2 protein chains.
Amino acid sequence: MTANLAIDLDRSSPVPLYFQVAEQISEAIRRGDLPPGSRLDNEILLADRLGLSRPTIRQAIQYLVDKGLLVRKRGVGTQVVHGQVKRSVELTSLYDDLRRAGQEPATRVLSLESLPAEEEIAAVLGVPPGTEVLRMERLRYAGGEPLALLHNWLPSGLAPLAAESLQERGLYELLRSAGVRMRVANQRIGARAAGATEARLLDERRGAPLLTMVRTTYDDQGRAVEHGSHVYRASHYSLEVTLIER
Amino acid sequence: MTANLAIDLDRSSPVPLYFQVAEQISEAIRRGDLPPGSRLDNEILLADRLGLSRPTIRQAIQYLVDKGLLVRKRGVGTQVVHGQVKRSVELTSLYDDLRRAGQEPATRVLSLESLPAEEEIAAVLGVPPGTEVLRMERLRYAGGEPLALLHNWLPSGLAPLAAESLQERGLYELLRSAGVRMRVANQRIGARAAGATEARLLDERRGAPLLTMVRTTYDDQGRAVEHGSHVYRASHYSLEVTLIER
DNA sequence: TGACCTCATTTGTCAGGACATTATGATGTC
DNA sequence: GACATCATAATGTCCTGACAAATGAGGTCA
């Protein structure tokens, strides 16, 4: 039962020790060296063997517990979780998701303009009404077929966004590379029947079920960096969400 | 700028000190004593004033950072996040949500039986095919109107579930009070048009848009404790999800 | 045999200290 | 006046040490 995993530490590295430990345990789990249900050595022993202190080991383990890879029980020990839970809780955009799934996404920019914010949008973005904001409308394709109609509002000046770059990359990717650090997103997901315009753009019949998502994304500081109102063809797309409770 | 908040500590309480601190800071934020953007005193000062050690204070702050209430920046300090992000990332059930919203939920149990698991359900629940599992079908009302059609499968023996108790309480609540500790949930959310049976039960027209959710919930150990396939009236309900990235 | 108690094991909490790293504003120089 | 440099302040990392609390297993006693 003793997990005999080898962990190399590089004390001269700028990477924190607890992180090095966490990464290597995580790798061992991924590789199958630590099968689900197997017990880790206790914290004291681990600390001793690696020449680290117990708090450092605890920090590493805590990190993996938060990610949902390990389970701790007082008086029992630390175990690798049973079962294969999908661990994707990341803040991703549709574009990233599609490309990761090998779907070859494409984007048509229908409009991209700067205009004074209306009351509602201003409130959501946390700027005074009338402030210039960026509004864009995009049609997203996957595998040659229309998939979603995307409507976004952003505070202007956040990132230089041109129609050309929006056609080649996802919005999230562009924001991230402009140094915007997104951290929290609030999403409301619903459904409704397609109107005439939407139906035409998405190649669906009027009244076809559409999945709707209204999302506001906030950065580090809790400032809104993006607000979107999207509709997806329900016949071609569904959303996946993983919740982890601490 | 100095946050002059009073924090009472009860060292004789079984509640951990770091948690007492976290709770009271959280309360101060909720009350508005600590407005968004305001800076907390630095860790050393806080520790000193409360008569605690720095690690304890750090643990309290870290807890709130993870919950998305605070933001830390090295060299700068700790601030309350700007903006009012909804902070409900809990593992909740429809019943809890409705009752919290004051909607007076009701449930009609359409069926409740134990039967051998089919291939697909067995795979999802992680039991051998043919194992006895609990299957239930419920109709959920809010404010006197039908709202959702709920289909669930559970490993049998988890909790004693009777039709009567299911009519009065939510499934999650019953599971929790039976000692089941739910920790991770994987949800797939989509939409589709209502079929004839669904339409009749939900008081909608055929073809009306429905929101669909397929969810599997796992416990501490990563064992599946519940699998559900639900449809909601899109005209009356939408889902809200908050993502926090660490 | 079965219920209860005790005890070893393991994680949870907390203290106090040291040094590293990073962001910011002040200072000084060109 | 613009830019580079430096001091300061704050969090990040890591250490040692100690005791508390929960769990599960084994032994004891009726």
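Predicted model only: the values in this text are computed from it and were never measured. Naming: A, B, ... by sequence-line order, numbering from 1 per chain.
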J.: Decide yes or no, distance alone: a donor-acceptor N/O pair under 3.5 angstrom between the base of D/dG12 and the side-chain of B/Arg54.
T.: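 Counting by modelled atom types and ignoring angles, a donor-acceptor contact under 3.5 Å is found here.
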J.: Just compare C/dA15, D/dA10, D/dG12 and give me whichever is closest to any side-chain atom of B/Leu52.
T.: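 Nearest to the side chain of B/Leu52 among the choices is C/dA15.
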J.: Between A/Arg11 and D/dC15, is there a side-chain N or O to OP1/OP2 distance below 4.0 Å?
T.: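 Result: yes.
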J.: Contact between B/Thr217 and B/Leu175 at the side-chain level, heavy atoms closer than 4.5 Å - yes or no?
T.: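 When only atoms from C-beta onward are counted, B/Leu175 and B/Thr217 do not touch, as no gap falls below 4.5 Å.
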J.: Answer with yes or no whether the side chains of A/Thr107 and A/Gln167 bring together a donor and an acceptor at under 3.5 Å.
T.: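 Distance-only check fails for A/Gln167 and A/Thr107.
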J.: For residues B/Leu69 and B/Val81, determine if any side-chain heavy atom of one lies less than 4.5 Å from a side-chain heavy atom of the other.
T.: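 Sidechains of B/Val81 and B/Leu69: no contact.
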J.: Check the phosphate of C/dA15 against B/Thr56, side-chain N and O only, distance under 4.0 Å to OP1 or OP2. Yes or no?
T.: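 Yes, within the criterion.
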J.: Verify side chain to side chain donor-acceptor pair (under 3.5 Å) between A/Asn152 and A/Glu226, making sure each step is shown before the conclusion.
T.: CA-CA 7 Å; A/Asn152 287 92; A/Glu226 177 255 345; 2.7 Å; yes
J.: Kindly point out which of D/dG12, C/dT11, C/dC14 is positioned nearest to the side chain of B/Arg58?
T.: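 Among D/dG12, C/dT11, C/dC14, the one nearest the side chain of B/Arg58 is D/dG12.
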J.: From NZ of B/Lys73 over to C1' of C/dT24, roughly how many Å is that when rounded to an integer?
T.: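 Whole-Å distance recorded here is 11 Å.
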J.: Is the shortest side-chain N to carboxylate O distance from A/Arg30 to A/Glu23 below 4.0 Å?
T.: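 No, A/Arg30 and A/Glu23 are not salt-bridged.
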J.: Look at B/Ser53 and C/dG17 and indicate whether a side-chain polar atom (N or O) is within less than 4.0 Å of OP1 or OP2.
T.: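 It does not, given that no N or O in the side chain of B/Ser53 lies less than 4.0 Å from OP1 or OP2 of C/dG17.
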J.: Return the value, rounded to whole Å, for the distance between atom CG of B/Leu9 and atom C1' of C/dA15.
T.: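 Computing the B/Leu9:CG to C/dA15:C1' distance gives 14 Å.
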J.: Whole angstrom is fine here: how far is it from OH in B/Tyr63 over to P in C/dC14?
T.: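 My rounded result for the distance is 14 Å.
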J.: Select from A/Val76 and B/Leu17 the residue whose nearest nucleotide in DNA chain C is closer to the 5' end of that strand.
T.: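 Mapping each residue to its closest nucleotide by heavy atoms, the 5'-most match is A/Val76.
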J.: B/Gln59 has an atom CD; how far is it from atom C1' of D/dG12, in whole Å?
T.: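 Going from B/Gln59 (CD) to D/dG12 (C1'), I get 16 Å.
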J.: Given that B/Ile44 and A/Gly75 both sit by DNA chain D, which one's nearest nucleotide is further toward the 5' end?
T.: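 Its nearest nucleotide lies further toward 5', so the answer is B/Ile44.
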J.: How many whole angstroms separate atom CD1 of A/Ile57 from atom C1' of C/dT10?
T.: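 In whole Å, C/dT10 C1' lies 15 Å from A/Ile57 CD1.
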J.: Just the rounded figure in Å: distance from P of C/dT22 to CD of B/Glu43.
T.: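 To the nearest whole Å, that distance equals 17 Å.
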J.: Taking only the side-chain heavy atoms of B/Arg74 (C-beta and beyond), determine which of C/dA15, D/dT11, C/dT11 contains the nearest atom.
T.: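 The listed nucleotide nearest to B/Arg74's side chain is D/dT11.
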J.: Considering only side-chain heavy atoms of A/Tyr18, which listed nucleotide, D/dT13, C/dA15, C/dT11, is closest?
T.: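 Per side-chain heavy atoms of A/Tyr18, the pick is D/dT13.
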J.: Over how many whole Å does the gap from A/Asp48 atom CG to D/dG17 atom P extend?
T.: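 Whole-Å distance recorded here is 12 Å.
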J.: Reading DNA chain C from 5' onward, which residue's closest nucleotide shows up sooner: A/Pro14 or B/Pro55?
T.: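 The residue whose closest nucleotide sits nearer the 5' end is B/Pro55.
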J.: Rounded to whole angstroms, how far apart are CZ on A/Arg72 and P on D/dA22?
T.: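 These atoms are roughly 16 Å apart.
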